[in-house]
2 protein chains.
Amino acid sequence: MPSTAELAYLAAYDASQFPRPSVTVDVVLIALDGDALRTLLVRRTEQPQKGRWSFPGGFVRIDESLDDAAARVLRDKAGIDGVFLEQLYTFGAPERDPRTRVISVAYYGLVDHAALAAAAASLGEHDRVATFRVPWEGERGGPVDLLDAHGKALSVAFDHRDIAGTAIKRLRGKLAYTPVGFALLPREFTLLQLQRVHEIVLGTRLNKDSFRRRMLASDTLETTGTAQEGVDHRPAALYRRRETGDSFHG
Amino acid sequence: MPSTAELAYLAAYDASQFPRPSVTVDVVLIALDGDALRTLLVRRTEQPQKGRWSFPGGFVRIDESLDDAAARVLRDKAGIDGVFLEQLYTFGAPERDPRTRVISVAYYGLVDHAALAAAAASLGEHDRVATFRVPWEGERGGPVDLLDAHGKALSVAFDHRDIAGTAIKRLRGKLAYTPVGFALLPREFTLLQLQRVHEIVLGTRLNKDSFRRRMLASDTLETTGTAQEGVDHRPAALYRRRETGDSFHG
DNA sequence: TGAATAGTGTCTATAAGACAATATCCC
DNA sequence: GGGATATTGTCTTATAGACACTATTCA
């Protein structure tokens with residue numbers, strides 16, 4: 001409950017006494033498709049950097065939280081709702097946008113690939129599913145390339161290659177101790193599929209025996225009692241993520 | 001190199017077409033003093049929330065990067081320069097500041113305690129060294145209390161208890177795989193002092209044998225060839241951090 | 001039957017926890 | 001010497017990597 005003095009102060013406050021930056025959110029939407037991580041890019045149809053590719057983004061409204069703004073951008077620009085979405089980092093170099101001072105709060109989200117492909121298909125030639133190519137190992141960090149379907153690096157707007165790098169670094173860091181890996185898989189999956197997800201995210205090969213033991217001992221999986229069907233070999237048992245108290249927000 | 005079309009667009013751009021939030025930086029300055037982590041708080045002398053305690057902060061200038069703004073705040077409000085400083089998280093709930101929409105980019109910094117105490121002493125009764133009291137274990141996260149010298153919880157402004165919690169969580173997370181622990185110690189230290197730092201940051205006791213082996217095997221320490229002097233027991237060997245390629249920014 | 005992957009069992013190497021024994025300082 | 005912490009060494013346990021072997025499906 002504000003005091004009388006505080007209320008008087010607020011009534012007299014002049015919000016426009018200092019120049020203010022614009023604040024945007026940009027969303028790195030990540031999905032797993034086959035043997036690579038992919039993301040949704042939007043072609044810029046306006047200046048500045050017209051024709052370049054960027055992550056879907058938009059201005060933060062004056063009465064809207066940052067999380068809400070990121071969810072709204074995802075809903076409006078990709079038709080995607082209700083997915084895992086987490087703040088990444090805030091990019092605020094003074095010259096990152098030539099129009100005016102723009103500070104961007106970057107988010108990343110995890111979806112299944114069907115949703116990503118559907119979003120790109122419905123929006124036409126100004127949207128594209130691009131593939132990450134990470135030029136560094138482990139969690140060293142740094143800019144990341146985004147490739148088109150032919151493996152050619154796309155021309156990316158602003159500092160969005162840095163944003164992509166931050167997203168990959170975060171995803172790698174959270175893989176071991178949060179359930180982010182499951183968000184890239186269908187509800188039921190085999191242990192080998194889960195291992196492939198970890199390998200693709202980390203960019204390394206993993207020991208099969210050790211991965212299997214670790215996962216089964218970790219108490220994060222439960223068996224479905226069913227197995228794969230129609231595969232060219234002995235079918236593997238299907239598991240699903242065990243709903244426990246452990247959170248995505250490690 | 002912007003194109004002619006881009007330059008024409010930029011000249012015509014009206015930067016004031018949408019209402020903009022204010023953007024501030026707030027800095028959680030952390031030092032180790034005896035058996036606890038402490039931080040510098042500033043008493044608010046103006047509305048809103050006059051009389052409450054907050055982390056030192058200030059508005060981001062229109063031509064200044066976020067990192068530069070955080071360093072400037074630290075320099076101007078605490079007389080501290082050249083320390084480890086890293087972006088934490090951006091807080092943007094619409095109602096977090098009753099004046100107007102204020103989005104705060106939080107930073108944390110690590111200093112030795114002498115610098116923290118000197119800053120508080122030079123600035124008088126409107127600055128205070130407060131102690132963190134963390135009500136959760138591990139990296140679960142959540143708001144953190146700030147105590148005065150008598151152990152009483154201070155009245156903290158805005159969402160700064162959440163900012164404090166985010167700083168502690170980040171520090172705990174980075175302790176194992178970055179050199180942040182060294183930033184809280186003098187240049188030369190014993191293995192037991194290093195262990196105490198880890199225990200205080202993590203809020204748990206650690207196994208001495210295992211900690212010692214792990215540190216000596218980790219290649220991050222080098223021996224100074226000297227030992228403690230004037231202690232009440234067998235003097236321990238002194239070590240210093242080995243300057244390698246490994247970075248604070250894990 | 002052969003190709004392919006699933007799943008089990010065992011051996012070894014490494015790291016962590018426990019603890020005993022000895023070392024070195026100050027009082 | 002007594003008190004306190006440092007340092008070394010050994011034993012046990014848990015986990016990871018390696019690898020052999022069996023199981024089950026489809027073509």
Side-chain angles (χ1 to χ4, degrees), chain A residues 32 34-35 137-139 172 175-177 181 185-242 246, chain B residues 32 34-35 137-139 172 175-178 181 185-186 188-242 246:
Chain A
L32 183 78
D35 59 353
E137 291 183 4
E139 294 176 44
R172 288 186 176 179
L175 189 64
Y177 65 102
L185 280 171
R187 224 173 74 81
E188 301 193 348
F189 48 83
T190 70
L191 284 174
L192 191 57
Q193 287 171 333
L194 183 60
Q195 181 177 343
R196 293 284 175 256
V197 170
H198 282 234
E199 290 177 338
I200 290 162
V201 169
L202 297 175
T204 60
R205 300 308 302 264
L206 296 172
N207 181 286
K208 180 178 172 177
D209 301 323
S210 165
F211 182 83
R212 182 186 181 81
R213 259 184 314 216
R214 194 153 42 88
M215 282 300 148
L216 291 175
S218 73
D219 228 49
T220 58
L221 297 180
E222 64 184 20
T223 181
T224 65
T226 58
Q228 283 180 308
E229 286 181 16
V231 288
D232 190 14
H233 51 74
R234 173 172 171 178
L238 290 169
Y239 295 84
R240 73 171 75 90
R241 182 186 161 209
R242 184 172 186 166
D246 58 338
Chain B
L32 183 77
D35 59 352
E137 291 183 5
E139 295 177 43
R172 287 186 177 179
L175 190 63
Y177 66 102
T178 69
L185 280 172
E188 301 193 348
F189 48 84
T190 70
L191 285 174
L192 192 57
Q193 287 171 332
L194 184 60
Q195 182 178 343
R196 292 283 175 259
V197 170
H198 282 234
E199 290 177 338
I200 290 162
V201 169
L202 298 175
T204 60
R205 300 308 302 265
L206 297 172
N207 181 284
K208 181 177 170 177
D209 300 321
S210 163
F211 182 84
R212 181 187 180 80
R213 259 184 313 217
R214 194 154 40 91
M215 284 300 149
L216 291 175
S218 73
D219 228 52
T220 58
L221 297 180
E222 65 184 19
T223 181
T224 65
T226 58
Q228 283 180 308
E229 286 181 16
V231 289
D232 192 14
H233 50 77
R234 171 172 173 178
L238 289 170
Y239 295 84
R240 73 171 75 88
R241 182 188 161 207
R242 183 172 187 165
D246 57 340

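All heavy atoms count here, side chains included; hydrogens, waters and symmetry mates do not.
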- In whole Å, what is the span from the CG atom of Leu216(B) to the C1' atom of dA6(D)? 12 Å
- Item | Atom-to-atom span, CD of Gln228(A) to P of dC26(D) - whole angstrom | 11 Å
- Query: Is there a donor and acceptor pair closer than 3.5 Å between the side chain of Arg234(B) and the base of dA23(C)?
  - Reply: yes
- Closest nucleotide among dT25(D), dC25(C), dA6(C) to the Ala236(A) side chain: dA6(C)
- Item | Spacing of Leu192(B) atom CG relative to dA4(D) atom P, expressed in whole Å | 15 Å
- How do Asp209(B) and Arg214(B) order along DNA chain C: which one's closest nucleotide is nearer the 5' end? Arg214(B)
- Message: Measure NE2/His233(B) against C1'/dT24(C) and give the value in whole Å, please.
- Response: 11 Å
- Task: Identify whether any heavy atom of Ala237(A) sits under 4.0 Å from a base atom; if not, whether one sits that close to sugar-phosphate; answer base, sugar-phosphate or nothing.
- Result: sugar-phosphate
- From CD of Glu229(B) across to P of dT24(C) the rounded distance in Å is 16 Å
- Item | Under 3.5 Å donor-acceptor, Glu222(A) side chain and Arg242(A) backbone | no
- Message: Can you see if the side chain of Lys208(B) gets near the phosphate of dA6(D) - specifically, an N or O under 4.0 Å from OP1 or OP2?
- Response: yes
- Intermediate values then yes/no, side chain to side chain contact (heavy atoms under 4.5 Å, CB included), Arg214(B) and Phe211(B): CA-CA 5 Å; Arg214(B) 194 154 40 91; Phe211(B) 182 84; 3.8 Å; yes
- Do any side-chain nitrogens or oxygens of Arg212(B) fall under 4.0 Å of OP1 or OP2 in dA16(C)? no
- Nearest-0.5 Å distance that lies between atom CG in Leu221(B) and atom CZ in Phe189(B): 5.0 Å
- Distance below 4.0 Å between Arg213(B) side-chain N/O and dA16(C) OP1 or OP2: no
- Message: Please report the distance, rounded to the nearest Å, between CE in Met215(B) and C1' in dA16(C).
- Response: 14 Å
- Query: Under 3.5 Å, is there a donor-acceptor pair between the side chain of Arg172(B) and the main chain of Val201(B)?
  - Reply: yes
- Distance in angstrom units between Leu206(A) CG and dA18(D) P, rounded: 12 Å
- Note on the structure: Whole-Å distance, Arg205(B) CZ to dG17(C) C1', equals 15 Å
- Message: Quick check on side chain to side chain donor-acceptor pair (under 3.5 Å): which of His198(B), Gln193(B), Glu199(B) does Gln195(B) satisfy it with?
- Response: Glu199(B)
- Message: At 4.0 Å (heavy atoms only), tell me whether Leu191(A) reaches a base, stays on the sugar-phosphate, or touches nothing.
- Response: nothing
